[in-house]
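Take a look at the structure below.
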Protein chains: 2
Amino acid sequence: MKASIFDVAKRSGLSVVTVSRVLNGADTVREKNRQKVLDAIKELDYRPSAAARSLARGRTGTIGLIVTTLHDSFFDSVAKEINDALALQGYYLAISVSSGFGNEESHYLIQEDRVDGLILLSPLEEDRFVAELKKRNIPYVLIDNQLQENNSASISVDNFSGGYEATRHLLELGHREIAHLSGQEVFLSTRERRQGFLWAMKEAGLEPFAMEQGVYGVEFGYETAQKWLKSGKLPTALFAGDDHMAIGFINALMREGIQVPRDMSVIGYDDQMLASQLHPLLTTMRQPADHIGLAAVDILLRKMANQNKRMNGIKLKPELIIRQSTAARGE
Amino acid sequence: MKASIFDVAKRSGLSVVTVSRVLNGADTVREKNRQKVLDAIKELDYRPSAAARSLARGRTGTIGLIVTTLHDSFFDSVAKEINDALALQGYYLAISVSSGFGNEESHYLIQEDRVDGLILLSPLEEDRFVAELKKRNIPYVLIDNQLQENNSASISVDNFSGGYEATRHLLELGHREIAHLSGQEVFLSTRERRQGFLWAMKEAGLEPFAMEQGVYGVEFGYETAQKWLKSGKLPTALFAGDDHMAIGFINALMREGIQVPRDMSVIGYDDQMLASQLHPLLTTMRQPADHIGLAAVDILLRKMANQNKRMNGIKLKPELIIRQSTAARGE
DNA sequence: TTGAAAGCGCTACCAA
DNA sequence: TTGGTAGCGCTTTCAA
């Protein structure tokens, strides 16, 4: 039988209440007794039951994180940061990879109130989740939200600015024929990055060389490159909506002997791990995963503290990381 | 105030016990009453408290999965499979990404008995975990274990056979000058794959063209290729210990205009997502993530059912996936 | 600074 | 087929 707080009390010769106090770091326990309790705990190899604690306290000490996939080094990093930030505050992180479209009527982390608060990382079904969370009165924070109206409790990266800066970088290198690859329209980030691109182009008095819209991923980049290659018309520079598309694009070019950045410059977005591993190392826009994680935890904990108060969203700036895939325009 | 089972009882005009029965799908409830209860539940938007349930039942209904990283499509797949298999049985999966070396004295999933059982996916600190789990009497299963002695409760992929098959594939294509890149020695899988390689070579009466040992990842593959390129001596075929090394290696070759598989064949291991995205599409050894996940859940649940009985480990075979990076030896 | 007692919300056991 | 009652292991008053 597992030891309970009762056993510890008996063994230490003190009351259950005192043991509980020691467990929770109350400072109203005589040092000598504290030691007795600690000894008893060690001897019995006792650990408090999470279930009993949650029940008694009315909260679980766990924060949930819902992600669509962790197979993405940006999400992965954010999750790690959140985990660490939370640990510092004595909270546990429960990650749930919700592939998305829910036959699962509603998420289990929500269903049984297993969490005190929730962080949604780039949620696809944002509105459904948010509605549910509001109804349940569960504090939450959105990262990289899609819906403008949810800006109140969200951390986002300024994608417009990211698209703008990326394009500016190419422009400053002397490029005039610049194309853009974008991902799914459903993502607000997709549209914003493109707007940033268009803005920078317009500002420079230029028309986009080409724009393609597809699905984030290596394949789309590869295929687009092949298509363009076949048509014989290539821009001198490309702003890809994410690193994977950029990598796929470069991959296709390399196979045709077209060199990056000698023959063409390519900039990606996200600074995926792969971006700094595959050659040519990719110039890209980095999303500040660490700040994002910290900010999310900060806002969430605040919200949990003063239920009533309304928080303001935070918008972070992405950072241009110059590597090897972009260079001044040839000739 | 949140509705409790008591409120549902009151509202439905039945007892708490009956409500509990309905909640747990007992078939000893009159259909009419069942409906009453269901209605009350809906009206009150009631959900059972996970904490109270766990406390009363003595188990949490949650299975923990400890992984070092999910930023790996193999781990990611296995995790998904486990999640689904578990859901089918009414269990929840709590994933915990434990970067490894624990200042965290002992893992929180273990610490507070938040789980009924634990699955360890390719654990680095296997012995520490296993010792702890045995002590706590928590049922567990290891996937891809490092220590031979833990084979009792483990699912592993036959890495020896994988290394052997991969090499055979190259051999059958007519290659004679075959090199091997391996990862960290700490991993049993690393050593086994190499042994498989060596065995196949020996069987064919051949000496390895070269063998390098480094760290799993794109970089090591890239650097090794560069080194070999510089020395001017390349094998006609390479068996890389994992896909990332293979990809890095190919990446370096491509930059020098050396084509795969025309000039050299490369086979990887794991069938990472990237392997089927980057061109040339990588020939590789696939680990059967689905079977692994299923088997792990199966064994774990069995162990949980009959605490006493000893299970036998399972060893699965990897599968050769032929894509574009290997071809018959030239000339 | 300590402890007795009353829950937290649910399930399990025993009767009816 | 139903319900009363006693816990599950902990925290939180409230008194002492």
Side-chain angles (χ1 to χ4, degrees), chain A residues 1-38 40-41 44-62 90-92 108 111-116 136-137, chain B residues 1-38 40-41 44-62 90 92 108 111-116 136:
Chain A
M1 199 55 212
K2 261 206 59 180
S4 83
I5 196 172
F6 198 78
D7 304 315
V8 177
K10 200 179 289 177
R11 177 131 196 162
S12 64
L14 292 161
S15 78
V16 179
V17 181
T18 302
V19 176
S20 172
R21 289 204 176 96
V22 172
L23 246 30
N24 293 288
D27 48 358
T28 65
V29 178
R30 211 182 298 285
E31 183 54 28
K32 195 164 178 184
N33 289 334
R34 228 178 71 80
Q35 274 312 327
K36 277 192 200 163
V37 171
L38 256 22
I41 288 178
L44 295 169
D45 191 27
Y46 162 81
R47 348 249 134 182
S49 140
R53 282 192 128 148
S54 303
L55 185 56
R57 294 210 261 235
R59 41 199 201 76
T60 63
T62 299
Y91 280 93
Y92 292 127
Y108 95 91
Q111 251 182 50
E112 300 208 23
D113 293 312
R114 287 164 182 274
V115 295
D116 298 338
R136 290 273 165 63
N137 210 11
Chain B
M1 200 53 214
K2 263 205 59 180
S4 83
I5 196 173
F6 199 78
D7 303 314
V8 178
K10 200 180 289 177
R11 177 130 196 163
S12 64
L14 292 160
S15 78
V16 179
V17 180
T18 304
V19 176
S20 174
R21 291 207 175 93
V22 172
L23 248 30
N24 293 289
D27 48 357
T28 64
V29 178
R30 209 183 300 284
E31 183 53 27
K32 196 166 177 181
N33 288 336
R34 227 177 71 81
Q35 273 312 325
K36 276 193 201 164
V37 170
L38 256 22
I41 287 178
L44 295 169
D45 190 27
Y46 161 81
R47 348 248 134 183
S49 142
R53 283 192 130 149
S54 304
L55 185 56
R57 296 209 259 234
R59 45 198 198 76
T60 63
T62 299
Y92 291 126
Y108 92 92
Q111 249 182 54
E112 300 209 19
D113 292 313
R114 288 166 180 273
V115 295
D116 298 337
R136 290 274 165 62

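Chain letters run A, B, ... following the sequence lines, proteins first and then strands; every chain starts at 1. Nothing here was measured: the structure is a model prediction, and the numbers come from that model.
- B:Arg114 places its CZ atom 14 Å from the C1' atom of D:dG9, with the value rounded to the nearest Å.
- Within 4.0 Å (heavy atoms only), B:Val29 reaches sugar-phosphate atoms of the nucleic acid but no base atom.
- C:dG3 atom C1' lies 13 Å from atom CZ of A:Arg30, rounded to whole Å.
- In terms of phosphate contacts, B:Arg57 brings a side-chain nitrogen or oxygen within less than 4.0 Å of OP1 or OP2 of C:dT11.
- Contact annotation for B:Thr28: base contact, defined as any heavy-atom pair under 4.0 Å involving a base atom.
- Under 4.0 angstrom from either OP1 or OP2 of C:dC10 there lies no side-chain N or O belonging to B:Ser49.
- At C:dT11, one or more side-chain N or O atoms of B:Arg53 fall inside 4.0 Å of OP1 or OP2 (strictly under the cut-off).
- Among D:dT2, D:dG9, C:dC10, the nucleotide with an atom closest to any side-chain atom of B:Ser4 is C:dC10.
- Taken from OG in B:Ser20 to CD1 in B:Ile5, the straight-line distance is 5.0 Å, to the nearest 0.5 Å.
- Counting to the nearest Å, the C1' atom of D:dC10 and the CG atom of B:Asp113 are 14 Å from each other.
- Side-chain N/O atoms of A:Ser20 include none lying less than 4.0 angstrom from OP1 or OP2 on D:dC10.
- Listed pair B:Ser15 / D:dG3 meets the phosphate criterion, a side-chain N or O lying under 4.0 Å from OP1 or OP2.
- Here the P atom of nucleotide D:dG9 and the CG atom of A:Asp7 are 9 Å apart, to the nearest Å.
- Nearest approach of A:Val19 to A:Ser12, heavy atoms of both residues: CG2-OG, 4.3 Å.
- The interatomic distance linking B:Lys2 (NZ) with C:dC10 (C1') rounds to 12 Å, in whole Å.
- Atom CZ of B:Phe6 is separated from atom C1' of C:dT11 by 15 Å (rounded to the nearest Å).
- When the nucleotides C:dT11, D:dG3, C:dG9 are ranked by their closest atom to the side chain of B:Leu23, C:dT11 comes out on top.
- Residue B:Ala52 has its side chain nearest to C:dG9 when only D:dT2, C:dG9, D:dC10 are considered.
- You'll find a donor-acceptor pair under 3.5 Å spanning the side chain of A:Arg21 and the base of C:dG3, going by distance alone.
- Following rounding to the nearest Å, B:Leu14 (CG) and D:dT2 (C1') show an atom-to-atom distance of 9 Å.
- Residue B:Leu55 is the one, among A:Asn24 and B:Leu55, whose nearest nucleotide of DNA chain D lies closer to the 5' end (criterion: closest heavy atom).
- No side-chain donor from either of B:Arg21 and B:Asn33 sits under 3.5 Å from a side-chain acceptor of the other.
- A donor-acceptor pair under 3.5 Å is formed between the side chain of A:Thr60 and the backbone N or O of A:Arg114.
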I would like to know whether B:Asp45 and A:Arg136 meet side-chain contact (heavy atoms from CB on, under 4.5 Å); could you show each step before the answer? CA-CA 9 Å; B:Asp45 190 27; A:Arg136 290 273 165 63; 3.9 Å; yes

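- In this entry the distance linking CZ of A:Arg59 with C1' of C:dC8 reads 14 Å, nearest Å.
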